[in-house]
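Below, chain A is the first sequence line, B the second, and so on; all start at residue 1.
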Amino acid sequence: MLDLRFVRSNPEIVKEALQKRNSSLSLDDFLKQEENRRKILFDVEKLKAQRNSVSDEVGCRKKNGEDAQDLIQEMRKVGEEIKALERQLRKVEEEMEKVLYEIPNVPHESVPVGVDESGNVEVRAWGTPRQFDFEPLPHYEIGEKLDILDFNRAGKVTGARFSFYKGLGAKLERALISFMLDKHTEKGYLEVFPPFMVHRNSMIGTGQLPKFEEDAFKIEGTEYFLIPTAEVPVTNLYREEIIDAEKLPIYHCAYSACFRAEAGSAGRDTRGLIRQHQFNKVELVKFSLPENSYDELEKLTRDAESSLQELELPYRVMNLSTGDLGFSAAKTYDLEVWLPSFNTYREISSCSNFEDFQARRASIRFRREPKGKPEYLHTLNGSGLAIGRTLAAILENYQEEDGRVRVPKALIPYMGVEYIG
RNA sequence: GGAGAGAUGGCCGAGUUGGUUGAAGGCGCUCGCCUGGAAAGCGAGUACAUGGGGUUGACCUGUGUCGAGGGUUCGAAUCCCUCUCUCUCCGCCA
């Protein structure tokens with residue numbers, strides 16, 4: 001969320017940001033309400049000040065055994081007025097809060113302006129897509145032929161967009177999780193294993209709620225949500241805390257299962273592992289000083305890229321345009337891996353700087369000096385990487401004509417075999 | 001799930017016949033004195049949010065905050081209600 005005072009004193013910046021994001025949100029009503037809010041607040045505080053001083057006098061008189069009935073009568077009326085004004089104030093604040101929580105982050109100046117993903121800009125590419133001298137199969141066909149992926153039985157047991165991994169398929173999934181956690185831990189990310197469910201306030205903290213409730217799975221009969229990414233519990237790890245500046249930056253990596261309702265994606269990527277209701281992911285999360293967060297974003301992106309490089313999977317890095325940028329992000333690099341059966345690059349990681357947008361929502365602050373004023377820190381995160389899509393990319397990029405799949409060199413120690421099949 | 005106890009400032013911990021308690025005391029921290037230096041000792045200072053004024057984050061001032069929300073009252077950390085979390089015991093379970 002944006003700082004209310006920032007919105008108040010820089011309405012033109014916010015309006016421009018909304019426009020760049022093709023948002024229809026109108027700010028003018030909001031600004032009028034803010035003016036109104038401050039007026040009511042001013043009035044109510046004046047009355048409270050009066051009540052406080054008169055109440056002191058009542059106490060004084062009673063102590064001296066004097067009568068204070070006249071003051072009490074008078075204050076009874078003031079009390080009524082205060083209550084009425086507070087009701088008004090609460091109503092205005094509730095309405096404003098709704099809007100404030102739905103204003104997206106202001107894109108960084110280096111973000112290209114665009115209407116949708118077609119406005120994304122390629123920053124760099126790595127590796128060369130392999131030339132096949134046979135027709136490469138899609139990963140779901142490879143997986144089913146090798147009997148390491150089973151979508152049909154998952155449909156029977158649970159439903160569409162779920163899958164079973166079997167044998168070396170299950171082992172490959174597990175190997176990728178271990179591999180990535182090991183690599184990132186070596187780079188200085190502290191591993192955490194988070195809860196897979198969080199309460200509503202954590203979802204609000206990272207920006208999934210209130211706007212995108214239909215995308216989340218909620219546990220019926222509770223206030224818990226299944227996490228759509230480890231970003232949610234790990235970023236909220238320090239919610240409502242004030243961190244010493246010398247502890248920053250903090251780097252965490254976390255494996256978690258991720259659960260997404262995929263509302264509105266009917267008909268898209270219905271086959272295979274690309275778009276599932278449940279998938280595994282290793283996530284990188286950073287807490288940074290504000291002045292360093294864009295350097296940290298570059299490093300974070302490189303760290304996510306290194307996993308693809310070690311697995312020798314071709315990819316490209318895209319700077320997302322204002323039309324494709326996520327709600328909470330100020331800037332995002334997507335890593336897109338080459339998928340032969342799609343004959344294109346597909347998103348496998350998303351690395352974002354949220355600046356203080358999430359930190360303000362979750363109240364995560366830091367102190368530069370022991371007696372300094374707390375400031376909001378900057379949060380960042382990126383997939384390092386989405387495991388299911390990585391597995392799909394390995395199956396497709398490493399497939400052989402005889403139907404087997406070669407195991408990437410980096411994974412052989414984890415797999416114990418050189419081929420699947 | 002059942003029974004009980006509790007939640008106060010960075011930490012520990014007073015305060016439960018409602019009225020100079022934003023909150024005693026201690027620890028920690030910051031600055032100063034002392035010292036060749038350090039420790040000890042002494043002195044001073046040590047919350048956050050928000051409204052208004054202003055030399056527009058020097059400063060002055062109002063309001064709110066003693067787990068969260070609501071209520072009673074002229075006035076609530078103190079009384080009432082609801083919720084959350086923590087601890088102990090029992091039950092259950094991986």
Side-chain angles (χ1 to χ4, degrees), chain A residues 1-11 30-98 100-101 193-205 209 218-219 221-225 233 236-248 257 290-291 356 359-377:
Chain A
M1 124 177 99
L2 300 179
D3 183 2
L4 178 56
R5 279 174 302 183
F6 173 81
V7 178
R8 186 203 300 154
S9 45
N10 302 282
F30 181 78
L31 293 169
K32 248 180 250 163
Q33 276 182 314
E34 165 63 1
E35 223 173 287
N36 187 231
R37 184 195 136 251
R38 281 195 290 170
K39 189 184 161 293
I40 299 171
L41 192 60
F42 184 76
D43 291 344
V44 93
E45 284 183 355
K46 230 169 32 188
L47 289 176
K48 280 185 178 174
Q50 188 195 350
R51 181 177 71 181
N52 285 345
S53 68
V54 173
S55 289
D56 277 352
E57 203 185 326
V58 171
C60 242
R61 282 203 202 169
K62 290 215 164 173
K63 205 183 271 176
N64 298 335
E66 295 167 32
D67 178 69
Q69 217 35 50
D70 53 327
L71 294 179
I72 289 173
Q73 283 301 329
E74 193 187 328
M75 282 307 103
R76 209 168 273 168
K77 245 188 282 169
V78 171
E80 295 299 319
E81 277 179 69
I82 289 174
K83 263 184 201 164
L85 282 176
E86 281 190 326
R87 263 193 295 272
Q88 267 186 57
L89 189 64
R90 215 175 304 157
K91 206 175 138 214
V92 173
E93 281 175 341
E94 271 169 23
E95 283 170 23
M96 288 182 64
E97 192 170 83
K98 254 184 233 162
L100 198 57
Y101 274 111
F193 189 89
F196 290 2
M197 296 182 214
V198 295
H199 58 52
R200 178 173 291 273
N201 283 340
S202 291
M203 291 286 275
I204 291 173
L209 295 183
K218 189 173 174 206
I219 310 294
T222 73
E223 274 299 308
Y224 295 137
F225 292 83
N236 279 285
L237 193 55
Y238 303 107
R239 63 177 295 116
E240 289 148 42
E241 291 191 28
I242 300 171
I243 296 166
D244 294 338
E246 71 246 29
K247 297 222 171 91
L248 298 175
E291 59 269 32
D356 63 6
R360 183 171 293 108
R361 287 177 162 237
S363 189
I364 310 170
R365 293 176 293 177
F366 74 99
R367 237 191 267 275
R368 292 183 191 273
E369 304 292 332
K371 287 290 140 202
K373 222 175 154 48
E375 300 170 51
Y376 291 110
L377 47 70

S.K.: For A:Arg360, which contact category applies under a 4.0 Å heavy-atom criterion: base, sugar-phosphate, or nothing?
M.R.: nothing
S.K.: Got a sec, which residues hit ring-ring contact (aromatic ring centres under 6.0 Å, His included) with A:Tyr238, two or more places apart in sequence or on another chain?
M.R.: A:His252, A:Phe287
S.K.: Please classify the nucleic acid contact of A:Arg5 as base, sugar-phosphate, or nothing, using heavy-atom distances under 4.0 Å.
M.R.: sugar-phosphate
S.K.: Write down the partner of B:G45 under the Watson-Crick or G-U wobble criteria, each distance required to be under 3.5 Å.
M.R.: B:C29
S.K.: Going by purine N1 to pyrimidine N3 plus the second Watson-Crick contact, or the G-U wobble pair, all under 3.5 Å, which nucleotide sits opposite B:A3?
M.R.: B:U88
S.K.: Using atom C1' in both nucleotides, what's the gap between B:C48 and B:U8 to the nearest angstrom?
M.R.: 15 Å
S.K.: Would you kindly give the CD-to-C1' distance between A:Glu93 and B:U50, to the nearest whole Å?
M.R.: 10 Å
S.K.: Say we look at B:G4 and B:G9: how far apart would their P atoms be, to the nearest angstrom?
M.R.: 27 Å
S.K.: Which base, if any, makes a Watson-Crick or G-U wobble pair with B:A24, both distances under 3.5 Å?
M.R.: none
S.K.: Quick one: is B:C48 close enough that its OP1 or OP2 comes under 4.0 Å of any side-chain N or O from A:Arg367?
M.R.: yes
S.K.: Give none if B:C93 has no partner; otherwise give the nucleotide forming a Watson-Crick or G-U wobble pair with it, both distances under 3.5 Å.
M.R.: none
S.K.: With A:Glu240, which residues qualify under salt bridge (Lys or Arg N to Asp or Glu O under 4.0 Å), at least two apart?
M.R.: none
S.K.: With a non-hydrogen cut-off below 4.0 angstrom, is A:Val58 in contact with a base, only sugar-phosphate, or nothing?
M.R.: base
S.K.: How far, in whole Å, is B:C34 from B:U50 if one measures between their C1' atoms?
M.R.: 43 Å
S.K.: Taking a pair as Watson-Crick or G-U wobble with both distances under 3.5 Å, which nucleotide is matched to B:U73?
M.R.: none
S.K.: On a whole-Å scale, what distance lies between the P atoms belonging to B:G22 and B:C83?
M.R.: 31 Å
S.K.: Taking any heavy-atom pair under 4.0 Å as a contact, classify A:Lys83: base, sugar-phosphate, or nothing.
M.R.: sugar-phosphate
S.K.: Would you tell me if any nitrogen or oxygen in the side chain of A:Arg51 comes within less than 4.0 Å of OP1 or OP2 on B:C74?
M.R.: no
S.K.: Please give the distance between the P atoms of B:U16 and B:C80 as a whole number of Å.
M.R.: 14 Å
S.K.: Under a 3.5 Å cut-off for both distances, is B:G9 Watson-Crick or wobble paired, and to whom?
M.R.: none
S.K.: Watson-Crick or G-U wobble partner for B:U35, using a 3.5 Å limit on both distances?
M.R.: none
S.K.: Can you check the A:Arg365 CZ to B:A47 P distance for me, whole Å?
M.R.: 14 Å
S.K.: Write down the distance separating the P atoms in B:C60 and B:G45, rounded off to the nearest Å.
M.R.: 15 Å
S.K.: In the structure shown, which nucleotide is the Watson-Crick or G-U wobble counterpart of B:U17, with both distances under 3.5 Å?
M.R.: none
S.K.: For every nucleotide of nucleotides 53-63 of chain B, 5' to 3': is a protein heavy atom under 4.0 Å from its base (B), only from its sugar-phosphate (S), or from neither (-)?
M.R.: ----B----BS
S.K.: What distance, rounded to whole Å, do you find between the two P atoms, one in B:G6 and one in B:C81?
M.R.: 15 Å
S.K.: Looking at every heavy atom in both A:Leu377 and A:Arg365, which two are closest together, and how far apart are they?
M.R.: CD2-O, 4.2 Å
S.K.: Reckon A:Arg76 has a side-chain N or O less than 4.0 Å from the OP1 or OP2 of B:U73?
M.R.: no
S.K.: Take atom C1' in B:A47 and the same atom in B:G28, then report the distance between them in whole Å.
M.R.: 15 Å
